[in-house]
Q: 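Here you go, one structure.
Throughout, protein chains are lettered first and strands after them, A, B, ... in sequence-line order, and every chain is numbered starting at 1.
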Number of protein chains: 2
Amino acid sequence: MVTARDVAERAGTSTAVVSYVFNNGPRPVAPKTRQRVLDAAAELQYRPNALARALSAGRTFSIGIVVPHIRNPYFAALAEQLEAGTRARNHLLLIGDSGGDSAQEQSHLTSFIERQVDGIVLVSVRSQPELVGLDTAGIPVVALHRMPGGSRASSLAIDSVAAAATAAGHLVSHGYRSIGVLTGPIDSPGTEEHLIGVAEATRGQRVKVEHRTSEISRYHATEVTSSWLANERPRAIYCATDEQAFGVLFAAWRAGLSVPDDLAVLGGDGTAECAVTIPPLSAIQRPVPQLATRSIELLLDASPGDGPVTITLPHELVRRESCGCI
Amino acid sequence: MVTARDVAERAGTSTAVVSYVFNNGPRPVAPKTRQRVLDAAAELQYRPNALARALSAGRTFSIGIVVPHIRNPYFAALAEQLEAGTRARNHLLLIGDSGGDSAQEQSHLTSFIERQVDGIVLVSVRSQPELVGLDTAGIPVVALHRMPGGSRASSLAIDSVAAAATAAGHLVSHGYRSIGVLTGPIDSPGTEEHLIGVAEATRGQRVKVEHRTSEISRYHATEVTSSWLANERPRAIYCATDEQAFGVLFAAWRAGLSVPDDLAVLGGDGTAECAVTIPPLSAIQRPVPQLATRSIELLLDASPGDGPVTITLPHELVRRESCGCI
DNA sequence: TTGTATGCGTTATCAA
DNA sequence: TTGATAACGCATACAA
């Protein structure tokens, strides 16, 4: 490995100057000296060791994100945006996939702490995450869902209650009188809010609401939905996530049902993939670009003193064919 | 931040002993002392600083992967498997998304070098990647596609020529007399091999072959395919990637064509998503688990002396409905 | 079995 | 404008 020392020797100067050159400071360097250093570095193919740099400087220029499942298009989109945003600020994004498992989630968090990331974006699998060690580590955290009161983490999310109400309200306005709600497991973040929102939107209407849960997986959603559709099936299904909606679409097709004529479907994320499902999926759309941008700002631009903050972002209903709009 | 020094003080011992305890060596520690250290560490919520550890030990316990597009299900699956495999070996996986851009790919590689990863898995966007700096850095690299001769990187891939031949041969055996081939850009890895394989399988047959390219994106594939289908359309299309096949499926649906009756479709990756597309997608299946496992072995278990190696893994044709098999 | 002291590659302070 | 040199937190050779 080529070190600053090697470069310094070849340039006939000291490691301090090499450092000044590569960091543009904090001391000025004479143009000639600078050039000699640059030349030497180029000839030697010198790359500063980020570990040593981080150890000395106290920041790693990296942030971590933990998601339940990187193959879920919504989380993949989030990771993609976050990656672009962090790269734009010369940071590296570390991605941790918890596989929907609480212990694995914690293990990733611990790993991020040990690796001294400058901040963490969390999509927890639990509605009441524990965040062991995060408090003492002093690493800022932003959760992309509501956090229980008193948490040390900031929260950046849409209003799930309102979103669910928008969705259910839309289905009601289509005239559907029996609505199914497919959410993730009972204790996953957002599930409760979804049910409250749907209840709000259907209160006083003559609408029958039925709730089912599945893992956040299109395959499991397909399974659950298949048996659902075989019995007294709802006229429309609102899914808390796109991933689940994809499974519902497939189950409907398998059952020989036409979407939206026999069954209307609504997704909960509004990922780009919705535009090319068969048929295209109407959905509540989460503001992924803002989620990413603001997460980064929250983590990287926070002053040490700032306490956790709770931010609500707007959502949108995107109408495509699966609900009957087009 | 809590350091080994803090733990040592509280346990009434030295940092060396703290280190011995946390690494189970290289020196033995008396049970009592060990317990005191463990207790102190727990009370203080001590987490070893991975940076310092890596700097001192010379390994980071991390490997990096660079893929063209993390939202592509095949790459997402790869990342997922690789992540599981690295975690099982107490390593962290760093994911770099090149966005299909050669400069961004190089920028990720450089970032990985600076961060001293123990190994790199590369899916390049170029058929002749340059790998700047990788040689001098001495970091082992395994590419998941063929590499040009003389490369310092190992290669772990299926035989794309054979795979394409299998695919085309299968379509011919269905009796389809005009076959379309949709690949990625001309100079992306594998494109040439696909064309050769298709040519081999159709040689001497009375089959018309037509080739189109699109970016490796379902959306762009949809665009390209839509105009294709509007004119003299082929009876079947073999796509080099699943991602593109998903776009073809959608384009066919939009055009009012039935798959497989009007148009047969074959994918090139065989991701899990194929099982729940409409209709389910027949595809060449890449051995993702082996790809992941062997990559890790190649990177982590290689002796310094070992030169680059070229390994060919078997592929498989998975028959579902989109080709007309079921 | 334990402690001391040095090195890992940087950054940045302080003198020069 | 530059150069020694002391951190940064940990691992480990060597001494005790």
Q: Flag the pair E80(B) and R71(A) as a salt bridge only when some basic side-chain nitrogen lies within less than 4.0 angstrom of an acidic carboxylate oxygen.
A: yes

Q: Rounded to the nearest 0.5 Å, how far apart are CG of L131(B) and CG of L122(B)?
A: 6.0 Å

Q: Any chance you could list the contact pattern along nucleotides 9-16 of chain D? Use B for base contacts, S for sugar-phosphate-only contacts and - for none, protein heavy atoms under 4.0 Å, 5' to 3'.
A: BBBBB---

Q: Would you call the rings of Y46(A) and F22(A) parallel, tilted or perpendicular if under 30° counts as parallel and over 60° as perpendicular?
A: perpendicular

Q: In whole angstrom, give the distance that lies between atom CZ of F61(A) and atom P of dT10(C).
A: 15 Å

Q: Using a cut-off of strictly less than 4.0 Å between a heavy atom of the residue and any atom of DNA chain C, enumerate the qualifying residues of residues 110-120 of chain B by number.
A: none

Q: For the residue pair Q104(A) / R87(B), report whether a side-chain donor-acceptor contact shorter than 3.5 Å exists.
A: yes

Q: In whole angstrom, what separates Q35(B)'s CD from dT1(C)'s C1'?
A: 17 Å

Q: Is the shortest distance from a Lys or Arg side-chain nitrogen in D301(B) or R89(B) to a carboxylate oxygen in the other one below 4.0 Å?
A: yes

Q: Do we see a donor-acceptor contact under 3.5 Å between the side chains of S155(B) and R146(B)?
A: yes

Q: Does atom CZ of R34(A) have more than 12 heavy-atom neighbours from other groups under 6.0 Å away?
A: yes

Q: Are E105(A) and R126(A) close enough for a salt bridge, meaning some N to O gap below 4.0 Å?
A: yes

